[in-house]
Amino acid sequence: MSFTWPLDPQDLFVERYPQMTLGLPADEVDVVRAAVTEMWPDRPGSWVYEWSALAARYAEAGSHRLAAQAYGWAKFPSLADDPKRTALARQVEQYALAAPGFPVAFERRTLTVPYRGGEATLPIHLIAAPGLPADAPVVLASGGVDSWKTDLHGMWEQLALALPARLLLFDIVGTGETAHLPMTPDGGAEVIAGLVSFARTIGNGKVGHFGISMGGYYSARTGLTGAVDASVVLGGPVERSFAPGRGFAFGMDGIVGNALGFDAMPSTAEREEAFAAFDLRPLLDQNANGPMLVVNGTEDVHVPLDDTLVFEGRRDTRVELIPDTGHCAISRFGEAMAVIAPWLKNALIG
């Protein structure tokens, strides 16, 4: 189930340019930006066409890592139609070709985990600093509704090289290579519980969870329930984000609607009904959390500041707000990582 919706592609460049230029040369991004005039059709001037053309040039030149990044933007922001799904498939192909050149150890696996009385299958990536002992802790890590495990590889590399831990990378339900499972609070949590169980068998038994954006919703859940040994929430929605009457910016209404499993843009009432189930207030009212680090930028247009500040004063919880940056502190991500990496190391290793 998926759908397209009215979306000005130039709005996406306005918001995501700092993220785009983390992995691609700014001059190349600027060329695509100037060429794109429409969002959904697959033809010259469209988002998927122009980004895919850049990716194909990288692939032909043997620059597979850059090709994977460009195909990642081609399928952005949602797998709403066949051209986007084709771009994702090509991204995965180019990423696999790039893997031998990574400065980290890399393995791609397919796991089967319990899901709603049956089973669900999803691909994961395991990465680690070279020579990391087999008995190291494991950190689950994911992006959110529109930036997925392969898109964020540069961030994961940085984290893996800074931590004495193995990263288990996955896409949250409703997104990426796990888009066949609709995004629900309990279904997503059940998949992650299966990943946590697996992670406890491949290291020393200690498991952390690092979630970015909507991935941070799920890491907030594992942290608040004490299901993991350490939890990092970067820009995660937890309560106010799901309140009735909230607005969306930069096409996020359609992105979220696709992840939730709708086949057309949901009405306000339909979206609010779906969102109500995500509210973490029942868990926030309890006192069962493990060690938690909650981080975000002060200028986030997607997640209300209250969803970060609500963690202040909790036991075993650190809250960090990074000034003059937006959602997930993406334009000052180095500062965020300077907090996250040592905190995770201390929480899992001591």
Side-chain angles (χ1 to χ4, degrees), residues 1-21 23-24 28-59 66-95 143-152 171-183 213-214 247-268 270-271 274-275 301-302 327 330:
M1 295 187 293
S2 58
F3 63 91
T4 61
W5 68 100
L7 183 59
D8 184 345
Q10 289 302 318
D11 286 346
L12 298 181
F13 282 106
V14 168
E15 187 206 9
R16 299 300 178 120
Y17 189 82
Q19 185 178 344
M20 293 169 177
T21 53
L24 293 169
E28 299 275 19
V29 174
D30 291 342
V31 170
V32 175
R33 186 175 190 172
V36 171
T37 59
E38 56 184 345
M39 191 66 214
W40 300 110
D42 186 8
R43 60 194 178 200
S46 78
W47 180 280
V48 70
Y49 182 95
E50 298 298 342
W51 278 113
S52 294
L54 175 62
R57 289 196 295 274
Y58 284 138
L66 290 175
Q69 287 290 306
Y71 275 127
W73 287 108
K75 54 80 181 155
F76 183 87
S78 180
L79 303 180
D81 56 18
D82 286 337
K84 298 288 189 183
R85 288 185 279 272
T86 296
L88 173 63
R90 290 174 177 166
Q91 181 191 33
V92 172
E93 291 170 357
Q94 290 299 311
Y95 187 76
V145 290
D146 56 33
S147 297
W148 308 328
K149 64 181 183 298
T150 302
D151 306 321
L152 301 174
D171 297 326
I172 61 172
V173 292
T175 75
E177 293 188 279
T178 318
H180 56 291
L181 308 176
M183 189 176 71
S213 191
M214 194 64 196
F248 288 93
F250 301 107
M252 194 56 70
D253 49 352
I255 296 169
V256 169
N258 269 284
L260 289 169
F262 287 95
D263 56 11
M265 181 69 84
S267 66
T268 299
E270 289 173 327
R271 186 176 63 236
F275 266 5
V301 299
H302 296 300
H327 187 50
I330 196 67

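Residues F3 and D81 fail the side-chain proximity criterion, which asks for heavy atoms closer than 4.5 Å. In this structure the side chain of Q69 never reaches within 4.5 angstrom of the side chain of Y95, judged on heavy atoms. Proximity of S2 to R85: side-chain heavy atoms (C-beta onward) are separated by under 4.5 Å at one or more points. Within the 4.5 Å cutoff, the side chain of M39 has heavy atoms near those of the L12 side chain. Side chains of K75 and W148 form a contact here, defined as non-hydrogen atoms less than 4.5 Å apart. Side-chain atoms of R16 and F76, non-hydrogen and from C-beta on, do get closer than 4.5 Å to each other. Taking the side chain as every heavy atom from C-beta outward, L79 and N258 never approach each other to under 4.5 Å. S78 is not listed as a side-chain neighbour of V145, based on a closest heavy-atom distance of 4.5 Å or more.
Remark: K149 engages D171, E177 in a salt bridge (charged side-chain N to carboxylate O under 4.0 Å, His left out) (not counting sequence neighbours).
Minimum interatomic distance between A70 and Y58 (heavy atoms only, all atoms of both residues): CB-CD1, 4.2 Å. Between S147 and L152, the closest heavy-atom pair is O-CD1, 3.9 Å. Across every non-hydrogen atom of L260 and A274, the tightest pair is CD1-CB, 4.1 Å. When every heavy atom of P77 is checked against every heavy atom of W5, the shortest pair comes out as CG-CH2, 4.1 Å. For the pair A59 and A67, the tightest heavy-atom approach, listed with the atom from each and the gap, is N-CB, 3.8 Å. Closest of all the heavy-atom pairs between E270 and S267 is OE1-N, 2.8 Å.
Atom OH of Y71 is separated from atom CD of Q94 by 6.5 Å, given to the nearest 0.5 angstrom. A distance of 6.0 Å separates CD1 of I172 from CE of M183, quoted to the nearest 0.5 Å. The distance from the NE2 atom of H302 to the CE atom of M214 is 13.5 Å, given to the nearest 0.5 Å. A distance of 14.0 Å separates CD in E28 from CE in M20, rounded to the nearest 0.5 Å.
Counting only N and O atoms by type, the side chains of D151 and Q91 include a donor and acceptor under 3.5 Å apart. Between the side chains of H327 and S213, at least one donor N or O lies within less than 3.5 Å of an accepting N or O.
Within the 3.5 Å criterion, the main-chain N or O of V36 finds a donor-acceptor partner in the side chain of Q10. A donor-acceptor pair under 3.5 Å is absent between the side-chain atoms of T178 and the main chain of G174, judged by distance alone. Checking side-chain atoms of K84 against main-chain N and O of V48 turns up no donor-acceptor pair under 3.5 Å. T86 places a side-chain N or O within donor-acceptor distance of the main-chain N or O of D82, the cut-off being under 3.5 Å. With hydrogens and angles disregarded, no donor-acceptor distance shorter than 3.5 Å links the side chain of D146 to the backbone of I255.
Residue pairs meeting the side chain to side chain donor-acceptor pair (under 3.5 Å) criterion with at least one member in residues 40-49, sequence neighbours excluded, are E38-R43.
Using a 4.0 Å cut-off between charged nitrogen and carboxylate oxygen, D30 and R33 do not count as a salt-bridge pair.
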